[in-house]
Amino acid sequence: MKCALITGGSRGIGKAICIQLAKDTDYHILINYNNNKTAALETLKAVEAEGNTGDILQFNVTDAEQVKSTLDAWQESNKDALIEVIVNNAGITKDGLFMWMPQSDWQDVINTSLNGFFNVTNHLIQKMLRNRYGRIINVASVSGVKGTAGQTNYSAAKGALVAATKALAQEVAKRKITVNAVAPGFIKSDMTADLNEAELKNLIPINRFGEPEEVAYAVSFLASQKASYITGEVININGGIYS
Ligand SMILES: NC(=O)c1ccc[n+]([C@@H]2O[C@H](COP(=O)([O-])OP(=O)(O)OC[C@H]3O[C@@H](n4cnc5c(N)ncnc54)[C@H](OP(=O)(O)O)[C@@H]3O)[C@@H](O)[C@H]2O)c1
């Protein structure tokens with residue numbers, strides 16, 4: 001059974017990625033969530049409506065031990081399963097001016113986007129290397145490419161994720177594993193629900209926020225065999241914001 005694991009698949013962009021991969025591939029979809037089981041189950045229902053199978057998997061990506069024990073227990077009860085695609089999507093923001101930023105806001109954001117990438121990918125990559133095929137897709141951000149005021153923590157986490165993408169891509173390319181990132185701009189989700197689109201859209205050449213599906217299309221392409229010669233790349237999905 002070939003599988004695609006999407007961290008933070010319960011809501012927003014991660015949910016759209018789970019559904020798009022169900023539409024475009026035969027993968028068994030592993031939907032990770034942290035707190036929101038109801039939302040994860042809704043994603044699973046949408047995946048099944050596309051004719052695919054899937055599982056919901058609760059773990060906090062910041063907790064390396066929990067990541068390991070949950071994935072190992074799942075693998076133990078699914079011995080024939082092989083995770084071919086990892087989408088590191090789980091992420092949070094804790095915005096604020098740097099001069100007033102508590103260390104906990106710095107650490108929480110880095111622990112989720114950057115250390116979450118390490119905890120999940122580092123645990124799964126040995127098997128992927130042995131299998132000599134894989135797709136790793138990291139959900140970065142325009143903030144990690146150009147930097148955003150009020151988001152020094154988030155920009156640092158996503159910028160580091162972009163650099164890690166480029167480095168790891170070079171390490172594993174010979175084993176037919178590609179590692180790429182997408183860098184979304186303003187996308188409609190719970191994360192951006194409190195932002196004023198009417199005002200902020202003036203900063204965006206396409207003049208609107210993006211839909212989660214508009215990120216998921218690119219992720220699905222990068223997860224496919226068609227993207228076999230693209231690695232270490234960052235695809236900006238931001239409606240034309242200069243980055
Ligand atoms: N929306 C945007 O404009 C935008 C722009 C650029 C980049 N991004 C990036 O895109 C990704 C998805 O964002 P979104 O807008 O879809 O956010 P969202 O609607 O807030 O959803 C966040 C998802 O991540 C999960 N999550 C958060 N912390 C987690 C943890 N510690 N362990 C496991 N799962 C965790 C949540 O699970 P629960 O449901 O269980 O809480 C949820 O499924 C993030 O990495 C974000 O930084 C978003």
Side-chain angles (χ1 to χ4, degrees), residues 5-20 29-44 46 56-68 70-71 86-95 107-121 137-148 150-151 153-162 164-165 181-197 200-201 203-204 206 208-216 218-219 234-239 241 243:
L5 169 67
I6 297 89
T7 67
S10 43
R11 292 185 284 126
I13 294 172
K15 178 180 187 177
I17 292 169
C18 291
I19 297 170
Q20 197 60 43
I29 308 292
L30 298 177
I31 303 155
N32 158 252
Y33 67 102
N34 188 20
N35 297 308
N36 213 325
K37 186 174 184 182
T38 313
L41 285 168
E42 273 172 31
T43 304
L44 178 60
I56 62 166
L57 282 181
Q58 193 283 328
F59 56 78
N60 182 336
V61 296
T62 68
D63 183 341
E65 285 313 311
Q66 198 184 33
V67 170
K68 278 186 201 169
T70 309
L71 286 171
I86 305 170
V87 183
N88 291 297
N89 165 77
I92 57 166
T93 49
K94 291 206 172 175
D95 296 351
Q107 279 167 342
D108 288 350
V109 168
I110 288 184
N111 278 342
T112 311
S113 277
L114 183 60
N115 296 339
F117 152 80
F118 176 85
N119 293 336
V120 173
T121 312
I137 298 139
N138 299 321
V139 181
S141 167
V142 64
S143 299
V145 180
K146 70 174 260 303
T148 299
Q151 290 194 317
N153 49 358
Y154 186 75
S155 302
K158 295 300 195 182
L161 186 59
V162 166
T165 300
V182 291
F186 293 101
I187 306 296
K188 284 181 206 161
S189 76
D190 292 345
M191 187 178 271
T192 53
D194 293 338
L195 299 181
N196 184 348
E197 182 175 355
L200 287 168
K201 72 178 188 178
L203 304 173
I204 309 167
I206 290 183
R208 63 172 174 83
F209 281 13
E211 300 293 336
E213 292 73 19
E214 292 177 304
V215 179
V219 172
V234 184
I235 300 188
N236 295 298
I237 308 172
N238 60 25
I241 297 174
S243 54

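Whatever order the structure lists ligands and atoms in, that order sets their numbers, starting from 1. Start at 1 with the first residue, then count along the sequence.
Looking at N111, V120, N119 one by one, the single match for side-chain contact (heavy atoms from CB on, under 4.5 Å) with V61 turns out to be V120. Evaluated for a side-chain contact (heavy atoms from CB on, under 4.5 Å) with V219, the options I235, I17, N138 yield exactly one hit, I17.
The backbone N or O of F59 lies less than 3.5 Å from a partner atom in the side chain of N32, making a donor-acceptor pair. In this structure, the side chain of S189 engages the main chain of M191 through a donor-acceptor pair within 3.5 Å.
Looking only at atom types and distance, the side chain of S10 has no donor-acceptor partner in the side chain of N36 under 3.5 Å away.
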What are the atom names and distances for all N or O pairs under 3.5 Å between ligand 1 and the protein?
{"from": "ligand 1", "atom 1": "1 (N)", "to": "I187", "atom 2": "O", "distance (Å)": "3.2"}
{"from": "ligand 1", "atom 1": "1 (N)", "to": "S189", "atom 2": "OG", "distance (Å)": "3.2"}
{"from": "ligand 1", "atom 1": "3 (O)", "to": "G185", "atom 2": "O", "distance (Å)": "3.2"}
{"from": "ligand 1", "atom 1": "3 (O)", "to": "I187", "atom 2": "N", "distance (Å)": "2.8"}
{"from": "ligand 1", "atom 1": "3 (O)", "to": "I187", "atom 2": "O", "distance (Å)": "3.3"}
{"from": "ligand 1", "atom 1": "8 (N)", "to": "Y154", "atom 2": "OH", "distance (Å)": "3.3"}
{"from": "ligand 1", "atom 1": "15 (O)", "to": "S189", "atom 2": "OG", "distance (Å)": "2.5"}
{"from": "ligand 1", "atom 1": "16 (O)", "to": "I13", "atom 2": "N", "distance (Å)": "2.8"}
{"from": "ligand 1", "atom 1": "31 (N)", "to": "N60", "atom 2": "OD1", "distance (Å)": "2.8"}
{"from": "ligand 1", "atom 1": "32 (N)", "to": "V61", "atom 2": "N", "distance (Å)": "3.0"}
{"from": "ligand 1", "atom 1": "37 (O)", "to": "S10", "atom 2": "OG", "distance (Å)": "3.2"}
{"from": "ligand 1", "atom 1": "39 (O)", "to": "S10", "atom 2": "OG", "distance (Å)": "2.7"}
{"from": "ligand 1", "atom 1": "39 (O)", "to": "R11", "atom 2": "NE", "distance (Å)": "2.8"}
{"from": "ligand 1", "atom 1": "39 (O)", "to": "R11", "atom 2": "NH2", "distance (Å)": "3.4"}
{"from": "ligand 1", "atom 1": "40 (O)", "to": "N34", "atom 2": "N", "distance (Å)": "2.8"}
{"from": "ligand 1", "atom 1": "40 (O)", "to": "N35", "atom 2": "N", "distance (Å)": "2.7"}
{"from": "ligand 1", "atom 1": "40 (O)", "to": "N36", "atom 2": "N", "distance (Å)": "2.8"}
{"from": "ligand 1", "atom 1": "41 (O)", "to": "R11", "atom 2": "NH2", "distance (Å)": "2.9"}
{"from": "ligand 1", "atom 1": "43 (O)", "to": "G8", "atom 2": "O", "distance (Å)": "3.2"}
{"from": "ligand 1", "atom 1": "43 (O)", "to": "S10", "atom 2": "OG", "distance (Å)": "2.7"}
{"from": "ligand 1", "atom 1": "43 (O)", "to": "R11", "atom 2": "N", "distance (Å)": "3.3"}
{"from": "ligand 1", "atom 1": "45 (O)", "to": "N89", "atom 2": "O", "distance (Å)": "2.6"}
{"from": "ligand 1", "atom 1": "45 (O)", "to": "K158", "atom 2": "NZ", "distance (Å)": "2.9"}
{"from": "ligand 1", "atom 1": "47 (O)", "to": "Y154", "atom 2": "OH", "distance (Å)": "2.5"}
{"from": "ligand 1", "atom 1": "47 (O)", "to": "K158", "atom 2": "NZ", "distance (Å)": "3.1"}

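In terms of the side-chain contact (heavy atoms from CB on, under 4.5 Å) criterion, residue partners of K37 (sequence neighbours excluded) are, by chain and number, Y33, L41, I56.
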